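Down below is the structure, laid out as structure tokens.
Quick note: numbers below take in every heavy atom, side chains included, and nothing from hydrogens, waters or symmetry partners. Model, not experiment: these values are computed from the prediction.
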Amino acid sequence: MQIELTQYKSDNNLKHNLFRSPHIVNHCLIEIPFNYRNTCWFCGEPKDKNINFPKKAYEANIVNHEPICLPSRNECASIIQRSAFTSIYAYRDAIKQGLVKKHQKILSIGSNWTEQELLESELEGSAFEGFKRSAWPMFKMMQARINYKGWDIIINNDQLIEEKEHQPFEFDGVVYTRLEDAVSHAVKTFFLDEQLFTRVLSVLGKGKFSQAIRLCRLYPNLNSKQRESVFQEILDSIGL
């Protein structure tokens, strides 16, 4: 009788706990190759901590794989505030977009200069000398973080297959998560009129991304009438 009573109390406590915590999620630590044991899975820099994905237990309802735990740099773990991602790969893409937006000025170094041009530039003064020495290494470091692809994710001996939501696009050695991110970067870096640039790019195609920039960078801040006139002028200049 005592055993039955104890079992009854135990069952009731279990039901009570389940009622209070309806979303109980276990995050499996992904398999980490020995050479990457201290590496952020998102950007390849040294890790600061392990993080859970998804962040909130109830978000597991929309994730298409098991909840996982993986190594991350503090910046990568905190740069995206929104949630509701369907996979760790979608979350990674959002982090890359966040890094591109945050470090746009550093990435613009590679769009405006080559390493040799920086070294041979006639910038003078202690501040400019420091820039000449540090600018290219900063760009290369950020380029590597944006382009980094983490190792294959293995959960319980099964590899998690990446389902790409966007087609990546490469410009000036940086692989952007999608074409729209490269467009935003180009508009900010070269002070382009966004509406003109996107129209010209649509005509030329993304394979001529650099040409579209060259054609449009002389015409910033246009009004509607000017934009239409310049657009027709550009089409005429390339024989279209």
Side-chain angles (χ1 to χ4, degrees), residues 41-44 64 76 79-80 82 84-118 135-136 138-150 152 161-240:
W41 183 81
F42 300 100
C43 75
N64 59 21
C76 294
I79 198 166
I80 298 300
R82 61 167 284 240
F85 295 99
T86 56
S87 74
I88 188 63
Y89 294 109
Y91 181 50
R92 177 201 62 189
D93 288 350
I95 288 175
K96 300 287 189 183
Q97 291 170 339
L99 291 174
V100 166
K101 184 177 181 180
K102 179 178 179 180
H103 299 290
Q104 184 267 332
K105 289 185 178 179
I106 294 177
L107 292 172
S108 69
I109 293 170
S111 299
N112 289 311
W113 306 81
T114 65
E115 183 177 14
Q116 193 63 29
E117 287 172 343
L118 273 173
W136 194 255
M138 285 193 304
F139 163 70
K140 295 300 291 184
M141 180 191 70
M142 188 52 57
Q143 179 192 50
R145 290 184 66 193
I146 300 298
N147 292 352
Y148 181 78
K149 293 185 177 180
D152 292 339
I161 304 301
E162 178 180 0
E163 296 180 358
K164 293 184 178 180
E165 297 185 5
H166 306 286
Q167 184 66 35
F169 181 79
E170 182 175 347
F171 172 63
D172 277 346
V174 177
V175 179
Y176 296 89
T177 300
R178 54 184 183 173
L179 176 62
E180 289 83 354
D181 295 335
V183 168
S184 296
H185 170 75
V187 167
K188 293 176 181 177
T189 299
F190 300 107
F191 304 100
L192 305 176
D193 182 278
E194 184 172 5
Q195 293 184 48
L196 175 66
F197 176 60
T198 51
R199 288 183 70 183
V200 172
L201 183 63
S202 297
V203 173
L204 295 179
K206 61 183 181 180
K208 296 184 177 180
F209 195 86
S210 295
Q211 183 183 358
I213 291 174
R214 290 194 298 271
L215 291 169
C216 296
R217 66 184 305 179
L218 297 176
Y219 308 101
N221 303 321
L222 302 172
N223 58 40
S224 298
K225 185 177 180 180
Q226 291 172 330
R227 188 177 298 114
E228 186 62 33
S229 176
V230 168
F231 179 64
Q232 293 301 324
E233 181 181 327
I234 290 176
L235 293 185
D236 291 342
S237 71
I238 58 178
L240 294 178

- Message: Give me the atom names and distance for the closest heavy-atom approach of S202 to T198.
- Response: OG-O, 2.7 Å
- Closest approach of L215 to S237 (non-hydrogen atoms, all atoms of both residues): CD2-OG, 4.3 Å
- Note on the structure: Closest non-hydrogen atoms of R217 and P220, given as atom of the first, atom of the second and distance, are O-CD, 4.1 Å
- Message: Take a 6.0 Å sphere around CD of E180 and say whether it holds more than 12 heavy atoms from other residues, nucleotides or ligands.
- Response: yes
- Is it the case that more than 12 heavy atoms not belonging to Q195 sit under 6.0 Å from its CD atom? no
Distance-only donor-acceptor hits, side chain of residues 97-110, under 3.5 Å, sequence neighbours excluded:
unit_1, atom_1, unit_2, atom_2, d
Q97, NE2, D181, OD2, 3.2
K102, NZ, E75, OE2, 2.8
H103, NE2, E75, OE2, 2.8
Q104, NE2, T189, OG1, 2.8
S108, OG, K105, O, 2.6

- Sequence neighbours excluded, which residues qualify as salt bridge (charged side-chain N to carboxylate O under 4.0 Å, His left out) partners of E115? none
- Query: Roughly how far, to the nearest 0.5 Å, is the SG atom of C43 from the CE atom of M142?
  - Reply: 8.0 Å
- Test log, rule side-chain contact (heavy atoms from CB on, under 4.5 Å), inputs D236 and F231: CA-CA 9 Å; D236 291 342; F231 179 64; over 6 Å; no
- Query: Do Q226 and Y219 meet the criterion of a side-chain donor-acceptor pair at a distance under 3.5 Å?
  - Reply: no
- Distance-minimising heavy-atom pair for T114 and E117: N-OE1, 2.9 Å
- Item | Counterpart residues, side-chain contact (heavy atoms from CB on, under 4.5 Å), relative to D152 (two or more places apart) | Q159
- Message: Measuring only between side-chain heavy atoms, which start at C-beta, is I234 closer than 4.5 Å to L196?
- Response: yes
- Item | I213 vs L201, side-chain contact (heavy atoms from CB on, under 4.5 Å): CA-CA, chis, key distance, verdict | CA-CA 8 Å; I213 291 174; L201 183 63; over 6 Å; no
- Query: Are the side chains of N221 and F191 in touch, meaning some heavy atoms are under 4.5 Å apart?
  - Reply: no
- Item | CA sep, side-chain torsions, deciding dist, call: S210, F171, side-chain contact (heavy atoms from CB on, under 4.5 Å) | CA-CA 8 Å; S210 295; F171 172 63; 3.5 Å; yes
- Query: Can you say whether the rings of F169 and F209 are parallel (under 30°), tilted (30 to 60°) or perpendicular (over 60°)?
  - Reply: tilted
- Task: Say whether, by atom type as modelled, one donor and one acceptor occur between the side chain of Q143 and the main chain of G173 under 3.5 angstrom.
- Result: yes
- Could you tell me which non-hydrogen atom of C216 sits nearest to which non-hydrogen atom of L192, and how far apart they are? C-CD2, 3.9 Å
- Query: Tell me, which pairs form a salt bridge (charged side-chain N to carboxylate O under 4.0 Å, His left out) where one or both residues lie in residues 219-230, sequence neighbours left out?
  - Reply: D193-R227, R199-E228
- Message: Please evaluate residues H185 and Y176 with respect to the criterion side-chain contact (heavy atoms from CB on, under 4.5 Å), reporting the C-alpha separation (whole Å), side-chain torsions for both, the decisive distance (0.1 Å), and the verdict.
- Response: CA-CA 10 Å; H185 170 75; Y176 296 89; 3.1 Å; yes
List the atom pairs, donor and acceptor, that lie under 3.5 Å between side-chain atoms in residues 88-96 and the rest of the protein, sequence neighbours left out.
unit_1, atom_1, unit_2, atom_2, d
Y89, OH, L160, O, 3.3
R92, NH2, E162, OE2, 2.6
K96, NZ, F42, O, 2.7
K96, NZ, R145, O, 2.8
K96, NZ, I146, O, 3.3
K96, NZ, Y148, O, 2.8

- Sorted by chain and residue number, the side-chain contact (heavy atoms from CB on, under 4.5 Å) partners of Q167 (sequence neighbours excluded) come out as K206
- Message: Looking only at the side chains, is there a donor atom on one of D172 and S111 sitting less than 3.5 Å from an acceptor on the other?
- Response: yes
